[in-house]
Amino acid sequence: MTGVDDDSVSIRAESPGDEEAVDVVVREAFLQQFGSDGEVGLVRTLRERGELIPELTLVAESGGRILGFIAFSEVEVDGERVGGLGLAPVAVMPERQRLGIGEMLIRSALDRAASLGWRFVVVLGHGQYYSRFGFEPAAPRGLRGAYGDGPSWMVVPLANHGLLCGTARPFASDQRP
């Protein structure tokens, strides 16, 4: 990995009290890249509803400063809980982008998700970036998405699990046990 001193950046689960710093990271990253800070509201809503998976809601930290963030929530396929996750968002402070922090977050989160028994992860994102982590277009694999089925709708199976065919949608928090 180039650009990041692995000893200077650590990955850990988000903790109570990190919310403001996470908001800053997500806002700055998405404002720079997309000109919108709507992802901040998404993270807040998912957190308030209890839809973020705590073990997979991670921050990248250096010197006590949060530089990156990644979050996952559960998805269902055709109304069934099948061990699927949706990745959204992954964000890194603009001045620290392209140094490997996003890669550290994604690889750590995917490894953790596999070890926890999750079967697959979907994402709506840039194919050239996410393909580095094993993601591929989901629709040709038989997995449609509530967000569209174009080449940006991608999936990666975890721990040698097969994929299910059907339509993936966010798992509603009011359905949680």
Side-chain angles (χ1 to χ4, degrees), residues 1-6 8-75 84-113 116 118 120-135 138 145-148 150 152-156 168-173 176:
M1 177 175 329
T2 60
V4 172
D5 176 356
D6 290 337
S8 69
V9 176
S10 62
I11 305 297
R12 65 170 174 80
E14 180 186 62
S15 299
D18 288 341
E19 297 86 358
E20 276 189 46
V22 165
D23 283 355
V24 170
V25 170
V26 174
R27 180 179 298 109
E28 294 299 317
F30 280 83
L31 274 174
Q32 177 179 328
Q33 188 169 7
F34 299 109
S36 168
D37 66 355
E39 292 291 308
V40 173
L42 170 68
V43 171
R44 286 180 182 172
T45 298
L46 291 171
R47 188 183 290 120
E48 288 168 10
R49 291 181 181 171
E51 294 180 13
L52 295 179
I53 307 298
E55 303 88 352
L56 301 174
T57 302
L58 309 176
V59 297
E61 184 176 54
S62 180
R65 180 174 177 229
I66 293 176
L67 304 172
F69 174 76
I70 192 168
F72 293 80
S73 54
E74 189 174 1
V75 297
L85 295 167
L87 186 169
V90 61
V92 176
M93 288 298 289
E95 71 273 10
R96 298 298 295 267
Q97 291 177 2
R98 294 177 177 40
L99 297 176
I101 294 171
E103 180 177 346
M104 289 174 66
L105 283 163
I106 293 168
R107 290 197 189 284
S108 178
L110 292 177
D111 287 347
R112 291 178 190 210
L116 292 169
W118 293 96
F120 66 91
V121 176
V122 293
V123 68
L124 187 60
H126 299 289
Q128 285 184 326
Y129 183 73
Y130 286 101
S131 65
R132 297 189 306 183
F133 309 103
F135 284 88
Y147 308 107
S152 296
W153 171 245
M154 304 181 79
V155 63
V156 63
R169 289 184 168 65
F171 182 72
S173 61
R176 291 194 184 280

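Remember, predicted model here, so these are calculated numbers, not experimental data. Heavy-atom basis, side chains included; hydrogens, waters and symmetry copies ignored.
Side-chain contact check for Ile66 versus Asp18: some heavy-atom pair is nearer than 4.5 Å. The shortest side-chain heavy-atom distance between Val92 and Arg98 does not fall under the 4.5 Å cut-off.
Note that CD1 of Ile11 and CE of Met104 are 4.5 Å apart. Values are rounded to the nearest 0.5 Å. The CZ atom of Arg49 sits 10.5 Å away from atom OG of Ser73, with the distance rounded to the nearest 0.5 Å. For the atom pair CG of Leu46 and CD of Glu48, the computed distance is 9.5 Å after rounding to the nearest 0.5 Å. With rounding to the nearest 0.5 Å, the separation of CD1 in Ile70 from CG in Leu58 is 6.5 Å. The distance from atom CD of Gln97 to atom CD of Glu28, rounded to the nearest 0.5 Å, is 10.5 Å. Rounded to the nearest 0.5 Å, atoms CE (Met93) and CG (Leu67) are 7.5 Å apart.
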Is there a side-chain contact (heavy atoms from CB on, under 4.5 Å) between Leu110 and Phe135 once you walk through the steps? CA-CA 11 Å; Leu110 292 177; Phe135 284 88; 4.1 Å; yes
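Ala60 and Val9 get closest at one heavy-atom pair: CB-CG1, 4.0 Å. Across all non-hydrogen atoms, the minimal contact from Glu74 to Trp118 is CG-CZ3, 3.9 Å. Counting all heavy atoms, side chain and backbone alike, Ser131 lies closest to Met154 at N-CE, 4.3 Å. Between Leu56 and Ala109, the shortest heavy-atom contact is CD2-O, 3.7 Å.
Among pairs with a residue in residues 30-72, those fulfilling ring-ring contact (aromatic ring centres under 6.0 Å, His included) read Phe30-Phe34, at least two apart in sequence or across chains. For residues 56-72, the set of pairs meeting the salt bridge (Lys or Arg N to Asp or Glu O under 4.0 Å) definition, not counting sequence neighbours, comprises Arg12-Glu61, Arg65-Glu95. For the ring-ring contact (aromatic ring centres under 6.0 Å, His included) condition, no pair includes a residue of residues 38-63, sequence neighbours left out.
The main-chain N or O of Ser8 is found under 3.5 Å from a side-chain atom of Ser62 such that the two form a donor-acceptor pair. Using modelled atom types, one side-chain atom of Glu19 and one backbone atom of Gly17 make a donor-acceptor pair closer than 3.5 Å. In terms of modelled atom types and a separation under 3.5 Å, the side chain of Ser108 and the main chain of Leu105 share no donor-acceptor contact.
Evaluated for a side-chain contact (heavy atoms from CB on, under 4.5 Å) with Phe133, the options Val123, Ile106, Leu87 yield exactly one hit, Ile106.
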Which pairs would a plain distance check flag for residues 38-45, meaning a side-chain donor or acceptor within less than 3.5 Å of a matching protein atom at least two apart in sequence or in another chain?
unit_1, atom_1, unit_2, atom_2, d
Arg44, NE, Asp23, OD2, 2.9
Arg44, NH2, Asp23, OD2, 2.8
Thr45, OG1, Gly41, O, 2.9

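Applying the side chain to side chain donor-acceptor pair (under 3.5 Å) test to Glu14 and every residue at least two apart in sequence or in another chain returns Arg47. Under the side-chain contact (heavy atoms from CB on, under 4.5 Å) criterion, Val122 pairs with Val75, Phe120, Leu143, Trp153, Val155, not counting sequence neighbours.
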